[in-house]
Amino acid sequence: MELVEESPYRFRIDRRDPMRVPGVVFASEALLPDVGADRSLEQVAAVATLPGIVDASFAMPDVHLGYGFPIGGVAATDVAAGGVVSPGGVGFDISCGVRLLAADLDLAGLRPRLEAVMDGLGGATPRGAGRGAVWHVTGRSDLDGVLREGSRYAVQRGFGVGRDLERCEDHGALDDADPGAVSPRAVERGATQVGSLGSGNHFLEVQSVAEVYDHDVATTFGLWPGQVCVMIHCGSRGLGHQICTDYVRRMEKAMRRYDIQVPDRQLACAPVESPEGHDYLGAMAAAANYARANRQLLTHVARVVFRRVTGGNLDLVYDVSHNQAKIETHGVDGERRTLCVHRKGATRALPPGHPDLPADLCDVGQPVLIPGSMGTASYVLAGVPGAPAFASTCHGAGRVQSRKQAVRAERGQDPHRQLAARDVAVRGASRRGLAEEMPAAYKDISAVVEATEGAGLCRKVARLMPIGVVKG
DNA sequence: ATGTAC
């Protein structure tokens with residue numbers, strides 16, 4: 001595995017058979033994975049062998065090992081040229097993403113009520129593996145609404161306001177969801193988890209705006225220094241997981257029929273224009289809508305708590321997912337092409353002027369929400385014109401230790417105390433769960449953001465610091 | 001990420 005430095009923050013993995021395109025890694029020297037100890041760049045090269053892939057197999061500065069595709073990876077295939085879709089290119093947590101809410105309150109105003117807010121959020125947010133949900137859906141019709149219409153359905157049922165949808169990617173729902181392509185088992189798992197945080201790196205965090213880098217853009221996004229915010233990071237729970245499992249299995253079998261060979265079984269895929277490809281994209285869109293409704297319901301809960309304790313409101317800044325495949329139009333070799341863009345641990349970052357942006361954000365570009373590791377900063381970024389990698393950027397800090405390694409490194413320590421020392425109030429989370437998510441298990445989020453900006457993928461708007469966190 | 005297992 002040889003890396004050629006093309007420009008600062010951009011490295012190339014030269015194409016060699018059976019790669020169809022080169023690999024491109026956006027990173028600083030310091031953030032580059034150690035090719036001796038880390039297989040994530042081999043995964044970047046393996047993705048480059050997929051039928052129909054165009055331009056390059058991309059890795060973001062937060063790249064790390066994933067199932068088949070690396071996390072922090074972007075790959076686009078040309079639909080008309082037999083391009084494939086791969087469940088491993090989306091990940092198990094379909095449409096996992098981030099939502100940022102801005103309070104009409106500053107940090108000083110929150111301080112006296114912080115414990116009450118945290119107790120309220122901790123008590124009202126269903127979290128952890130399995131157990132509990134905001135919305136106990138009964139029968140298939142409510143769940144169908146969630147799968148077909150995502151946040152739009154949640155708002156229609158009273159869990160939010162119309163303006164929320166203007167600030168959601170795709171206005172809160174992907175259009176081509178096919179609940180019929182979702183297995184009964186996935187539906188069964190999903191029915192009891194609508195409006196729940198989950199576990200692992202998912203969280204609901206109370207934050208404050210610690211620094212603003214671009215005052216005008218921050219103002220347009222509705223953000224100002226010292227302001228209190230709530231960030232929600234969660235996904236499609238057991239439903240998305242089951243859909244990924246179902247379709248990996250189905251595509252493993254289908255590949256022989258399409259005469260597709262991949263260097264790793266975990267890269268199972270099928271042509272976008274095939275029954276398997278169509279069904280996966282329909283099921284994936286249903287899971288994506290489930291994830292968006294999930295974040296909408298947790299928003300509702302947070303608003304109820306804030307209203308009760310502070311008397312104030314929470315306005316949606318933006319909601320964007322970082323695990324998804326989307327059919328998009330991009331210029332490739334001077335031609336407009338219909339592509340299936342896989343973003344796995346990578347965030348869409350639309351440039352200023354893009355038609356899919358809400359009218360009031362059109363001049364400044366899409367808000368990009370980057371959660372840091374627990375107890376560290378999170379960032380608000382903005383899309384920039386002419387960015388590479390199909391308008392995509394990083395999604396977070398990126399793991400450097402496995403969960404097991406992180407738990408071992410925390411042995412004999414008290415993670416609760418360490419977070420208290422950082423002035424972060426914690427609600428929920430097992431000792432082990434916290435140990436797995438300590439900052440030492442992740443790259444430095446600020447270094448990741450510097451590299452994405454240096455690579456021309458996006459630009460900084462604001463840095464947020466955590467005050468309190470609700471964990472699974 | 002995940003009813004941390006089919």
Side-chain angles (χ1 to χ4, degrees), chain A residues 40 43 62-73 86-99 126-133 136-137 182-204 232-250 252-253 265-266 268 283-284 286-288 290-292 294-295 298 321-325 342-347 371 373-374 395-408 428-438 441-442 470-472:
Chain A
S40 59
Q43 292 187 318
D62 50 338
V63 68
H64 58 110
L65 195 72
Y67 178 89
F69 287 57
I71 295 162
S86 173
V90 173
F92 278 86
D93 194 4
I94 295 166
S95 201
C96 178
V98 184
R99 164 177 289 225
R127 51 194 151 74
R131 58 189 158 153
H136 301 274
V137 297
V182 179
S183 69
R185 195 173 182 190
V187 166
E188 189 188 318
R189 289 179 69 172
T192 57
Q193 299 181 322
V194 186
S196 65
L197 200 54
S199 58
N201 64 357
H202 291 164
F203 63 75
L204 183 151
I232 297 169
H233 177 207
C234 66
S236 53
R237 304 294 328 277
L239 179 124
H241 192 277
Q242 188 64 46
I243 288 170
C244 184
T245 303
D246 292 341
Y247 280 91
V248 164
R249 202 168 298 158
R250 186 169 161 198
E252 273 179 355
K253 290 180 189 144
R265 278 187 65 170
Q266 296 185 349
M284 186 217 71
Y290 182 99
R292 284 98 180 283
N294 196 14
R295 293 193 283 274
L298 295 174
S321 84
H322 49 232
N323 282 3
Q324 203 158 245
H342 300 74
R343 297 187 182 89
K344 180 188 193 180
T347 313
S373 59
M374 191 175 59
H395 87 304
R399 272 197 175 275
V400 288
Q401 293 176 342
S402 69
R403 294 178 188 282
K404 198 181 274 186
Q405 285 172 326
V407 169
R408 193 175 309 141
S430 63
R431 206 197 106 85
R432 186 187 171 87
L434 285 189
E436 288 177 350
E437 296 302 322
M438 291 306 283
Y442 285 85
V470 179
K471 292 287 289 181

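Predicted model, so just to flag it, every value in this text is computed and none were measured. Side chains included, hydrogens not; waters and symmetry mates left out as well; all remaining heavy atoms used. Quick note on labels: first sequence line is chain A, next is B, and so on, each numbered from 1.
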Pick out the pairs of N or O atoms, protein on one side and nucleotides 3-6 of chain B on the other, that lie under 3.5 Å.
{"residue": "B/dG3", "atom": "OP1", "partner": "A/R189", "partner atom": "NH2", "Å": "2.0"}
{"residue": "B/dG3", "atom": "OP2", "partner": "A/Q193", "partner atom": "NE2", "Å": "2.8"}
{"residue": "B/dG3", "atom": "OP2", "partner": "A/R237", "partner atom": "NH2", "Å": "3.4"}
{"residue": "B/dG3", "atom": "N1", "partner": "A/R189", "partner atom": "NH1", "Å": "3.4"}
{"residue": "B/dG3", "atom": "N2", "partner": "A/R189", "partner atom": "NH1", "Å": "2.8"}
{"residue": "B/dG3", "atom": "N2", "partner": "A/R189", "partner atom": "NH2", "Å": "3.2"}

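- Not counting sequence neighbours, the partners of A/A283 by the side chain to side chain contact (heavy atoms under 4.5 Å, CB included) test are A/A181, A/V182, A/I243, A/Y247.
- Looking at heavy-atom distances under 4.0 Å, A/G235 makes no contact with the nucleic acid at all.
- A search for salt bridge (Lys or Arg N to Asp or Glu O under 4.0 Å) contacts involving A/R343 returns A/E328, not counting sequence neighbours.
- Residue A/G198 is in sugar-phosphate contact alone, with no base atom involved, counting any heavy-atom pair closer than 4.0 Å across all strands shown.
- Scanning for side-chain hydrogen bond (donor to acceptor under 3.5 Å, both in side chains) contacts around A/H64 gives an empty result, with sequence neighbours left out.
- The side chain to side chain contact (heavy atoms under 4.5 Å, CB included) search around A/E252 returns A/V248, A/R265, A/A268, not counting sequence neighbours.
- Applying the salt bridge (Lys or Arg N to Asp or Glu O under 4.0 Å) criterion to A/R403, with sequence neighbours excluded, gives A/E436, A/E437.
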